[in-house]
Amino acid sequence: REARRRELAERYRTPILQFLRQGRSVELAGPAYVEALVAFYERRYDEALTRVRAAAAQNPWPYEERLLEAEVLRDRGVEAAERGRYDEAQDLFRRAESVYRGVLEIARSFPSAHGALCRLAVHRLDLAVRAGQDPEPPWEAGRTLCQRALQVDPEDAYTYARLAELHWRWALYEYQHGQDPLATLEAARRAAETVIRLRPDQAIGYEVLGDVYEIQGSYMMAWGMDAGPAFEKALENYQKALQISPDAAHYNMVGLMYGNLLQYELERGRAPADRLRRAAEAFQMALRLNPSLYNAYSNLGRAYRFWGESELRRGRDPTTSLAQALDAYRRSLQINPNHIVAYFGLGKTHQLVAEYRMATCASPEEALQASVEAFREALRRDARYIFALYELGQTFGLQARHQMTRGQDPWPTARQALEFLDRAVEVNPREASAYAVRSRVYQTLALDALRRGEDPAEFLNRAVADGQAARQVSFL
């Protein structure tokens, strides 16, 4: 989502630079400060820092200069985080916070500095989740900072937007770690609707409200509830944002929602090719506008993966769709080698390729190995990434089943499957998929015991228990 803000910066960068260059001779802000702004908008960050610090040394009350210095550090941090350089991003965010707090020592009621600290807290929460660190400290700090900013300026729509984003990011973390995010999402919704009330002509309120409904729908679909209305509301809000600001990031989010609705309808036995077409068109438009938008590539891969999986389940050849998905995920990783979602998508797509090859009596070994490697890459970036944990267990389970059918010993591979599935259950005891996959692994071991003339009762009992657990947590 940070890509959206960068899209706005790209759109307005040229006119801003023209204005600043024309105003270099104007003494209101001082030429050194204007030169620093020009360097900042041209992303010459080192030069911007040098110039703004020189400008600050010439001003007895340098709060504008210090604010710009902090924003340079923050934007460098965001850029580092997007490229997967997490330690560098952490350091830059820490330095930016120190400068922001220095601004408040000069002007304690300066609204921009309070709002900037709120926004920085959102970045730090996002970074903690990306880097597999504890996100609770930036979440707690962020709520305090955003509320403090609203005490200084209760009508600041942009701080309400950051407060909404802080909440939906935390809700997403709750959802992915087995907690109920609905109360947090409700707080996010209220903040987003306040943004729309204050600034109905701006895209930002519709963006964050779309985010809220997108996460709500994903949570509801995961728990077997009807997610359709939430997804439709998300799409409606993203389309409103796109109408106001037709940039790459908004096309990306519209495409994401068509992808979610595609998955939703596929799970209900429908095959809505129009949803896939609309998703692909939106992502392709996003990439024409911004070829470096790696999330658009991974989201495009996701849409093709959903369609390929539906072809596989309907007995059709998914080869073309899955190849398109793999290509999109790889393009995403060329831009951001630490994009965990793309590694997960690669792993799941290779897993589907392996399933198809097993179904057609072809060798799945290469695809299975590629799936394992991709999921392991995801887990290197976040050892508690629940989806990669149970899907890696699923891949090892498929490999164990293939070995058993070929008369080989499935036990070593099955142990690896159970190891990752046990970890998935530990991370999220409410993740029904982890129990369901583990049940299938025990079924494989039961069949292997029968093949060898041994008693399968222990494995069958465990398979039944996990099957029951999967059903029970689905209805909690």
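Side-chain atoms are counted along with the backbone in the values below, which use heavy atoms only and exclude waters and symmetry mates.
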### Query
When rounded to the nearest 0.5 angstrom, what is the spacing between CG in Leu276 and CG in Leu261?
12.5 Å

#### Entry: Any side-chain heavy-atom pair of Arg330 and Leu333 under 4.5 Å
no

### Query
Can we call the ring centroids of His177 and Tyr173 under 6.0 Å apart?
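Yes: the rings meet the under 6.0 Å criterion.
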
### Task
Keeping the roles fixed (side chain from Asn252, backbone from Ala248), state whether a donor-acceptor pair exists under 3.5 Å.
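The answer is no, because no donor-acceptor pair under 3.5 Å joins these two groups.
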
### Query
Is Tyr435 close to Leu421 at the side-chain level, that is, under 4.5 Å between some pair of heavy atoms?
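Contact flag for Leu421/Tyr435 side chains = no.
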
### Query
Between the side chain of Thr360 and the main-chain N/O of Tyr356, is any donor-acceptor distance below 3.5 Å?
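Yes: the side chain of Thr360 pairs with the backbone of Tyr356.
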
### Message
Within the structure provided, determine whether Val212 and Val208 are in side-chain contact (heavy-atom separation under 4.5 Å).
### Response
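Val212 vs Val208: side chains apart.
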
#### Entry: Ser332 (side chain) donor-acceptor with Ala328 (main chain) under 3.5 angstrom
no

### Message
Less than 4.0 angstrom from a charged side-chain N to a carboxylate O is my criterion; do Arg94 and Asp91 meet it?
### Response
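Between Asp91 and Arg94 there is a salt bridge, with a charged N closer than 4.0 Å to a carboxylate O.
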
### Query
Will you find, in the side chains of Arg277 and Tyr258, an N or O donor that is under 3.5 Å from an N or O acceptor?
no

### Task
Would you please classify the geometry between the Phe231 ring and the Tyr264 ring as parallel, tilted or perpendicular, with 30° and 60° separating the classes?
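Ring orientation, 0 to 90° scale: perpendicular.
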
### Query
Is there a side-chain contact between Leu447 and Met404, using heavy atoms and a 4.5 Å cut-off?
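Yes, side chains in contact.
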
### Task
Please tell me if the side chains of Leu166 and Arg143 come closer than 4.5 Å, counting only heavy atoms from C-beta onward.
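Of all side-chain heavy-atom pairs linking Arg143 with Leu166, at least one is under 4.5 Å.
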
### Query
Would you call Arg189 and Asp211 a salt bridge, using N to O less than 4.0 angstrom?
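Answer for the salt bridge query: no.
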
### Message
Using the rule given for salt bridge (Lys or Arg N to Asp or Glu O under 4.0 Å), can you reason through Asp274 versus Arg278, listing the C-alpha separation, both sets of side-chain angles and the distance that settles it, and then say yes or no?
### Response
CA-CA 6 Å; Asp274 183 60; Arg278 288 177 178 270; 3.0 Å; yes

#### Entry: Pairwise distance OH(Tyr297) to CG(Asp327) - rounded to 0.5 angstrom
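The CG atom of Asp327 is 8.5 Å from OH of Tyr297, to the nearest 0.5 Å.
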
### Task
Take Leu262 and Met257 through the test side chain to side chain contact (heavy atoms under 4.5 Å, CB included) and record every step on the way to the result.
CA-CA 8 Å; Leu262 171 68; Met257 285 320 306; over 6 Å; no

#### Entry: Flag, side chain of Ser298 to backbone of Ala342, donor-acceptor distance under 3.5 Å
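Absent.
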
### Query
Do His250 and Glu207 get their side chains close enough for a donor-acceptor pair, meaning under 3.5 Å?
yes

### Query
Are side-chain heavy atoms of Leu185 and Tyr213 found at a separation under 4.5 Å?
no

### Message
Given 3.5 Å as the limit, does a donor-acceptor pair link the side chain of Ser439 with the main chain of Ala463, or not?
### Response
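Judged by distance alone, yes, a pair lies under 3.5 Å.
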
### Query
Which residue pairs satisfy the salt bridge (charged side-chain N to carboxylate O under 4.0 Å, His left out) criterion with at least one member in residues 336-356, sequence neighbours excluded?
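Qualifying pairs: Arg313-Glu355, Lys348-Glu391.
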
### Task
Decide side chain to side chain donor-acceptor pair (under 3.5 Å) for Thr395 and Gln399; before the verdict, give the C-alpha distance in whole Å, the side-chain angles of both, and the deciding distance to 0.1 Å.
CA-CA 6 Å; Thr395 296; Gln399 189 172 23; over 6 Å; no

### Message
Between the side chains of Arg376 and Glu373, is the shortest nitrogen-to-carboxylate-oxygen separation below 4.0 Å, so that they form an ion pair?
### Response
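Salt bridge absent between Glu373 and Arg376.
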
### Greater than 12 external heavy atoms within 6.0 Å of Arg452's CZ
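Enclosed.
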
### Message
For Arg199, is there an ion pair with Asp201 - N to carboxylate O distance below 4.0 angstrom?
### Response
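Judged by the 4.0 Å cut-off on N to carboxylate O distance, Asp201 and Arg199 do form a salt bridge.
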
### Query
Going through the distances and angles, do Arg406 and His402 end up as a side chain to side chain contact (heavy atoms under 4.5 Å, CB included)?
CA-CA 6 Å; Arg406 291 171 61 86; His402 176 66; 3.1 Å; yes

### Task
Decide side chain to side chain donor-acceptor pair (under 3.5 Å) for Arg305 and Tyr329; before the verdict, give the C-alpha distance in whole Å, the side-chain angles of both, and the deciding distance to 0.1 Å.
CA-CA 10 Å; Arg305 172 167 61 84; Tyr329 286 128; 3.0 Å; yes

### Task
Would you check if the side chain of Ser245 reaches a backbone N or O of Ala241 as a donor-acceptor pair within less than 3.5 Å?
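Answer holds: no.
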
### Query
Are Phe375 and Tyr343 close enough that their ring centers fall under 6.0 Å?
no

### Message
Please determine whether the number of non-hydrogen atoms from other residues, nucleotides or ligands lying under 6.0 Å from atom CD of Glu366 exceeds 12.
### Response
no

### Query
Would you call Arg124-Glu97 a salt bridge at under 4.0 Å N-O?
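Counted as a salt bridge, because a side-chain N and a carboxylate O are separated by less than 4.0 Å.
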
### Task
May I have the step-by-step check of side chain to side chain contact (heavy atoms under 4.5 Å, CB included) for Leu418 and Phe396, ending in yes or no?
CA-CA 9 Å; Leu418 294 172; Phe396 278 128; over 6 Å; no

### Query
Would a distance-only check, ignoring hydrogens and angles, find a side-chain to backbone donor-acceptor pair under 3.5 Å from Tyr206 to Pro200?
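Here the side-chain-to-backbone pair exists.
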
### Query
So, for Ala234 and Gly210, which heavy atoms are closest and what is the spacing to 0.1 Å?
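Answer, listing the atom of Ala234 first, then Gly210: CB-O, 3.5 Å.
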
### Query
Does the distance from a Lys or Arg side-chain N to an Asp or Glu carboxylate O, for Arg380 and Glu377, drop under 4.0 Å?
yes

### Task
Name the orientation class of the two ring planes belonging to Trp139 and His167 (parallel below 30°, tilted from 30 to 60°, perpendicular beyond 60°).
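Geometry flag for His167 against Trp139: perpendicular rings.
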
### Task
Please work out whether the ring planes of Phe387 and Tyr390 are parallel, tilted or perpendicular, with thresholds of 30° and 60°.
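Answer is perpendicular, since the angle exceeds 60°.
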
### Summary
Tightest non-hydrogen contact, residues Gln202 and Tyr158, listed as OE1-OH, 3.7 Å

### Message
Any side-chain to backbone donor/acceptor pair from Ser371 onto Gly347? Under 3.5 Å, distance only.
### Response
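Indeed, once roles are kept as given, a pair shorter than 3.5 Å links the two residues.
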
### Message
For Arg415 and Glu419: C-alpha separation, side-chain torsions, deciding distance, then whether salt bridge (Lys or Arg N to Asp or Glu O under 4.0 Å) applies.
### Response
CA-CA 6 Å; Arg415 284 195 189 95; Glu419 174 191 345; over 6 Å; no

### Message
When you measure from the side chain of Asn461 to the backbone of Ala457, do you find a donor-acceptor pair of N or O atoms at a distance under 3.5 Å?
### Response
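Yes, because the side chain of Asn461 sits within donor-acceptor range (under 3.5 Å) of the backbone of Ala457.
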
### Message
Can you give me the closest heavy-atom contact between Arg430 and Trp223, atom names plus distance?
### Response
O-CH2, 2.8 Å

#### Entry: Residue pair Tyr238 / Glu214, side-chain heavy-atom distance below 4.5 Å
yes

### Task
Determine, step by step, whether Asp422 and Arg438 satisfy the salt bridge (Lys or Arg N to Asp or Glu O under 4.0 Å) criterion, reporting the C-alpha distance in whole Å, the side-chain angles of both residues, the deciding distance to 0.1 Å, and the verdict.
CA-CA 8 Å; Asp422 290 346; Arg438 195 167 66 178; 2.7 Å; yes

### Query
Can Arg275 and Glu232 be said to form a salt bridge (Lys or Arg N to Asp or Glu O under 4.0 Å), step by step?
CA-CA 12 Å; Arg275 297 289 197 191; Glu232 291 289 358; 3.3 Å; yes

### Summary
Note: Asn428 and Tyr175 closest approach over all heavy atoms is ND2-O, 4.5 Å

### Query
Minimum heavy-atom separation for Asp455 to Ala449, with atom names?
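Result for this residue pair: O-CB, 4.2 Å.
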
### Message
What I'd like to find out is whether the side chain of Trp170 reaches to under 4.5 Å of the side chain of Glu136, using heavy atoms alone.
### Response
yes

### Task
Locate the shortest heavy-atom distance separating Asn260 from Ser218; write the atom from each residue and the value.
ND2-OG, 4.1 Å

### Query
Quick check: does any side chain N or O of Asp126 sit under 3.5 Å from a backbone N or O of Val122, one acting as donor and the other as acceptor?
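Not a single qualifying donor-acceptor pair exists.
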
### Task
Report the C-alpha separation of Val427 and Tyr385 in whole Å, then their side-chain angles, then the decisive distance to 0.1 Å, and conclude whether the side chain to side chain contact (heavy atoms under 4.5 Å, CB included) test is met.
CA-CA 8 Å; Val427 169; Tyr385 189 36; over 6 Å; no

### Message
Can you see whether Trp307 has Arg314 sitting over its ring - NZ or CZ less than 6.0 Å from the centre and within 45° of the normal?
### Response
yes

